[in-house]
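Note sheet for the following structure.
As the structure lists them, so they are numbered: ligands from 1, and atoms in each ligand from 1. Side chains included, hydrogens not; waters and symmetry mates left out as well; all remaining heavy atoms used.
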Amino acid sequence: MCGIVGYVGEKQAQDFCISGLKRLEYRGYDSAGVVTLDEKGKATLLRAKGKIANLEEKLAANKREDKIGIGHTRWATHGEPSEANAHPHQAGPIYLVHNGIIENYKELKEHLKEHKFKSETDTEVLAALVNSFYKDGKYPLMNAVVQALKLVKGTYGIAAVSTKSPDEIVVARSGSPLVIGVGHDETMLASDASALVGHTKRAIYLNDGEVARLTKNSIEIKTLNAEPVSAKVEEIETNLAAIQKGGYDHFLLKEIMEQPESLKETLRGRVNVKEGIVHLGGPGLSETELRKIKHLVIVGCGTAYHAGLLAGYYIEQFTPEITVETVIASEYRYRNAYIPKDSVALIVSQSGETADTLACLREIKKQGVKTIGIVNAIGSTIAREVDGGTYVHVGPEISVASTKAFTSQVIAMVMFGLTIAQAKGVRPGTLKPYVEEIDKLPEAIRTTLESVRKEVESVAKKYAKYEHAVYLGRDTAYPTAMEGALKLKEISYVDANAYAFGELKHGPLALIDDRFFEFALVPEGELYDKAVSNVQEVLARGGHMIVITNTSKFDLPVEKVIKISSDCKLFAPILMNLVAQLFAYYMTLAKGNNVDQPRNLAKSVTVE
Ligand code: AGP
């Protein structure tokens, strides 16, 4: 998704903007730009297609001491990736950057004939609209922005400057995040807090429908209806180390390998293994409310959806009397789905900004259903709009492919399920094994990563020649297989799809030939023998199988067996998923793709 940065203060705005845009690179983009103003309002606008390095080359030849500026990384929605379509866009003295989509930009454009459009973007229409109210500086910039936004339909996070008032930045948001960094004689802004880390620990998260005027020593926030808003300054929870690679070649490998620590953060203060219980304060549901729950709806996209599917299997295992439905947000938001009384909705999102998930949340709230967030990004829109929630606290997840967030989302939801079961008086003997394994899981993850990493690297190299893959599993290994397939497809671009083992003979078995390899999760347990016979079905058709298992019983002549050994049996799929994560990473390296910023994808999908 696009990234926005801005600075007004005593330091060089170009430096802040470039370093800030680099912090936001992980979000995915295809062009970038920065505009700065000197104290007389002379603008230096630099834009470049492709990576920020191309913009840096231009900046090096156009160094300015300017103390105010805004910058943007663009992920093309309207108009191809190009310098002309890159932000900031200009209209008269106004320069503007924008995240989101102006849905009625065509009709607005009809009324802006006096502007000579130079791009195909909706953003330039917004800049021209602001300028049409600004009347060359006759009206304050903030008022012109407000008047323009009142005509806009769609989503936006914007920042605007004017050569007529080179000491102020006006920002506004509706549906696309903006955070203001509060400094000493300097004020910053960004579309996420990682661009502010190291500059300030004090942040103000703008809310939808709010507009702010920033100078180096003042912040004025109002609603679009001119009601003053008192700014709530919050602490930025992260630090520089958390957003740097820490010695790894890629953020993805760092985030895979730090899962023992990140899961520990998720569990901190929430697991009482002695008493065999968990305690989640965030959901804010009373014992009575927990006891009444009959139905869980779990909502998410992509990896968050898979985490919800897997958590749903577990919750059904130990709370027999509630039903769990896990849904894809982009589908559910348009369904006319009835949510029964005594339901609670879990809204799962690493970024807390995914447009479809946020829209689902708002639809579900309209039905009066309690919503609980399972979110990572502190202060994100979903985190602030749910009724209660549990932060997973895995720290910034920079790589587009989600890994540590998945593991912690699953366990956080399992802990929420255990909280319900505890309130319903489910026998402690039933729940204790889950609590004990959860407590042991960080260490089990550490030993698993250490024991399989080299082996998985060499296996991935051998299978890098394939362009098609089938991932297979039963029960809790099935959503895990779905997550493994997504990991592989989204970074290696291999056409990987997951099927329930039991579904093979209903169609997918026809696929098995030398174009494919199969990645099968075969944990020991009640369905182990069934999974083994499914493996035999694939072998009989000449399958090229990699089997991940946690039992030495497995002895079929597949091409490769990767064995994990841990006494975590219930959560074996979580450990098997580590193999799938590493496999996707090393396969992608072997294919030479961009590991952290795969083509066409963004870290946070804030548009539909
Ligand atoms: C997963 O690796 C992908 N990056 C993507 O599917 C992601 O999980 C999805 O876009 C949901 O993002 P969220 O958790 O931030 O809402």
Side-chain angles (χ1 to χ4, degrees), residues 1 26-28 75 175-177 191-192 194 250-253 255-256 259 262 298-311 326-333 345-361 371 373-386 389-410 412-413 471 479-480 482-494 496 498 577-578 580-585 588 593-608:
M1 255 1 23
Y26 72 92
R27 301 161 63 94
W75 189 71
S176 192
S191 31
D192 89 37
S194 59
H250 301 98
F251 282 112
L252 182 56
L253 186 57
E255 289 155 9
I256 290 170
Q259 288 179 93
S262 54
I298 306 179
V299 180
C301 299
T303 287
Y305 167 64
H306 296 151
L309 281 174
L310 180 53
T326 301
V327 296
I328 291 173
S330 56
E331 283 295 303
Y332 197 70
R333 63 182 289 196
L346 295 188
I347 312 296
V348 194
S349 176
Q350 188 285 129
S351 64
E353 300 299 345
T354 299
D356 285 315
T357 311
L358 178 58
C360 242
L361 162 61
T371 54
I374 305 290
V375 174
N376 185 39
I378 310 282
S380 55
T381 306
I382 290 173
R384 286 181 292 121
E385 294 198 10
V386 288
T390 292
Y391 278 123
V392 293
H393 292 302
V394 298
E397 190 178 65
I398 307 291
S399 196
V400 165
S402 183
T403 49
K404 60 180 182 175
F406 171 81
T407 299
S408 287
Q409 285 164 348
V410 174
M413 285 185 271
Y471 277 58
T480 311
M482 293 169 80
E483 173 57 13
L486 173 62
K487 229 37 59 195
L488 188 68
K489 82 174 70 155
E490 69 175 322
I491 56 176
S492 75
Y493 315 150
V494 168
N577 184 51
L578 303 171
Q581 292 173 345
L582 288 169
F583 183 80
Y585 172 70
T588 301
N593 295 352
N594 184 326
V595 168
D596 287 322
Q597 296 162 32
R599 69 186 180 195
N600 309 338
L601 299 182
K603 181 61 181 172
S604 171
V605 185
T606 55
V607 292
E608 290 183 26

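Between the side chains of Q259 and T403, no donor N or O sits under 3.5 Å from an acceptor N or O. A side-chain donor from one of E353 and T381 sits under 3.5 Å from a side-chain acceptor of the other.
Looking at F583 and K487, their side chains never come closer than 4.5 Å, going by heavy atoms from C-beta outward. Within the 4.5 Å cutoff, the side chain of C301 has no heavy atoms near those of the V605 side chain. In this structure, D596 and I398 have side chains that are not in contact, with every pair of non-hydrogen atoms separated by 4.5 Å or more.
For atom 2 (O) of ligand 1, the closest heavy atom belonging to the protein is E490 OE2, 2.4 Å. Annotation: atom 6 (O) of ligand 1 to nearest protein heavy atom, G302 CA, 3.2 Å. Regarding atom 14 (O) of ligand 1, its nearest protein heavy-atom neighbour is Q350 N, 2.7 Å. Counting only heavy atoms of the protein, atom 10 (O) of ligand 1 lies nearest to V605 CG2, 3.9 Å. The nearest heavy-atom contact from the protein to atom 12 (O) of ligand 1 is T354 OG1, 3.5 Å.
Counting the atoms of ligand 1 from 1 in the order shown, those under 4.0 Å from a heavy atom of C301 are 8 (O), 9 (C), 11 (C). Near V400, meaning under 4.0 Å from any of its heavy atoms, are these atoms of ligand 1: 2 (O), 3 (C), 4 (N). Near S402, meaning under 4.0 Å from any of its heavy atoms, are these atoms of ligand 1: 1 (C), 2 (O). Annotation for ligand 1: atoms under 4.0 Å from non-hydrogen atoms of T303 are 1 (C), 2 (O), 6 (O), 8 (O). The A401 neighbourhood of ligand 1 comprises atoms 2 (O), with distances under 4.0 Å to a heavy atom of that residue.
If you look at K487 next to ligand 1, the close heavy atoms, those under 4.0 Å, all belong to the side chain.
Scanning all heavy atoms of the two residues, the minimum distance from A383 to A377 falls at CB-O, 4.1 Å.
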Given K603 and Q350, is the side chain to side chain contact (heavy atoms under 4.5 Å, CB included) satisfied, shown in steps?
CA-CA 9 Å; K603 181 61 181 172; Q350 188 285 129; 3.6 Å; yes
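For K603, no nitrogen or oxygen atom sits less than 3.5 Å from a nitrogen or oxygen atom of ligand 1, counting backbone and side chain alike.
Under the side-chain contact (heavy atoms from CB on, under 4.5 Å) test applied with V327, the options I298, L309, V299 reduce to a single match, V299.
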